[in-house]
Amino acid sequence: MKRREKPRIQKPIMLIVDDKAVNRYVLKNIFEEDYEIVECQDGRDAIEALEDKREETAAVLLDIVMPEWDGFAVLKYMKETALQTVPVILVSSNVNDKNIHRACAYDVADYIQKPFQENVVWQRVQRIIDLYQLKKGNEEYGQAE
């Protein structure tokens, strides 16, 4: 008699975009229990991953300062190509008024400063994901009427 395999529940994807492996490692350890982690070391990789897996992606944790395409180039591309439906949380040690104002122009969901405080990062990111999911559900419900 053959045993039935339990169906695997697909975890939502979290995209972690940072050129520093140590930052990706720390963030991965915070979220890997609840999310399938896709790591990208630059903005170009992030765009490819987003275009490929937009529907399954719960959030993007995006560094600002990276070679090739920085975080703002990714945000600009997302806005121009309707990839903006995925919540983006900027993660950076470069917190200043100019960057915060610039990020707000792209409707960034939040801004988290490095070094990371694991509990705070998890709570803030999870709260944003929950709010986006609620909003998405309300919009879909409203369209069905």
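Along the sequence shown, residues carry numbers from 1.
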Between R124 and D110, is there a side-chain N and carboxylate O pair less than 4.0 Å apart? yes

Apply the test side-chain contact (heavy atoms from CB on, under 4.5 Å) to residues V74 and I47: give CA-CA distance (whole Å), side-chain angles for both, the deciding distance (0.1 Å), then the verdict. CA-CA 7 Å; V74 172; I47 292 300; 3.9 Å; yes

How long is the straight-line distance from [atom2] of [Y] back to [atom1] of [X], given to the nearest 0.5 Å?
X: D18; Y: E39; atom1: CG; atom2: CD; answer: 10.0 Å
X: E56; Y: L50; atom1: CD; atom2: CG; answer: 11.0 Å
X: D107; Y: M78; atom1: CG; atom2: CE; answer: 10.5 Å
X: E32; Y: M14; atom1: CD; atom2: CE; answer: 11.5 Å
X: I16; Y: Y35; atom1: CD1; atom2: OH; answer: 11.0 Å
X: D97; Y: R102; atom1: CG; atom2: CZ; answer: 14.5 Å

Taking the side chain as everything from C-beta on, heavy atoms only, tell me whether P12 gets closer than 4.5 Å to T57. no

Enumerate the residue pairs fulfilling salt bridge (Lys or Arg N to Asp or Glu O under 4.0 Å) with a member in residues 65-75, sequence neighbours excluded, ordered by first and then second residue. R44-E68

Pair D63, K114 - check salt bridge (Lys or Arg N to Asp or Glu O under 4.0 Å), show working. CA-CA 10 Å; D63 187 21; K114 298 176 192 176; 3.4 Å; yes

Is it the case that one hydrophobic cluster holds both [X] and [Y], taking links as side-chain heavy atoms less than 4.5 Å apart, direct or via other members?
X: V88; Y: V121; answer: no
X: Y111; Y: I128; answer: no
X: I112; Y: I129; answer: yes
X: V125; Y: L62; answer: no
X: W122; Y: L131; answer: no

Using the rule given for side-chain contact (heavy atoms from CB on, under 4.5 Å), can you reason through V17 versus M66, listing the C-alpha separation, both sets of side-chain angles and the distance that settles it, and then say yes or no? CA-CA 9 Å; V17 187; M66 295 181 290; 3.7 Å; yes

Just wondering, more than 12 heavy atoms not from K20 lying within 6.0 Å of its NZ? no

Determine, step by step, whether N119 and Q123 satisfy the side-chain hydrogen bond (donor to acceptor under 3.5 Å, both in side chains) criterion, reporting the C-alpha distance in whole Å, the side-chain angles of both residues, the deciding distance to 0.1 Å, and the verdict. CA-CA 6 Å; N119 290 338; Q123 286 179 352; over 6 Å; no

Can you name the ring pair (Phe, Tyr, Trp, His ring centres under 6.0 Å) partners of Y77, sequence neighbours left out? W69

Could you walk me through whether V91 and N23 pass the side-chain contact (heavy atoms from CB on, under 4.5 Å) check? CA-CA 9 Å; V91 291; N23 292 330; over 6 Å; no

Residue pair D45 / Q41, side-chain donor-acceptor N/O under 3.5 Å: no

Do you know the tightest heavy-atom contact between A58 and P87? O-CG, 3.1 Å

For a quick test of reading the model, state the closest non-hydrogen atom pair linking L90 to A103 and the distance between them. CD1-CB, 3.4 Å

Trace of the side-chain contact (heavy atoms from CB on, under 4.5 Å) decision for I89 with V60: CA-CA 6 Å; I89 298 100; V60 177; over 6 Å; no

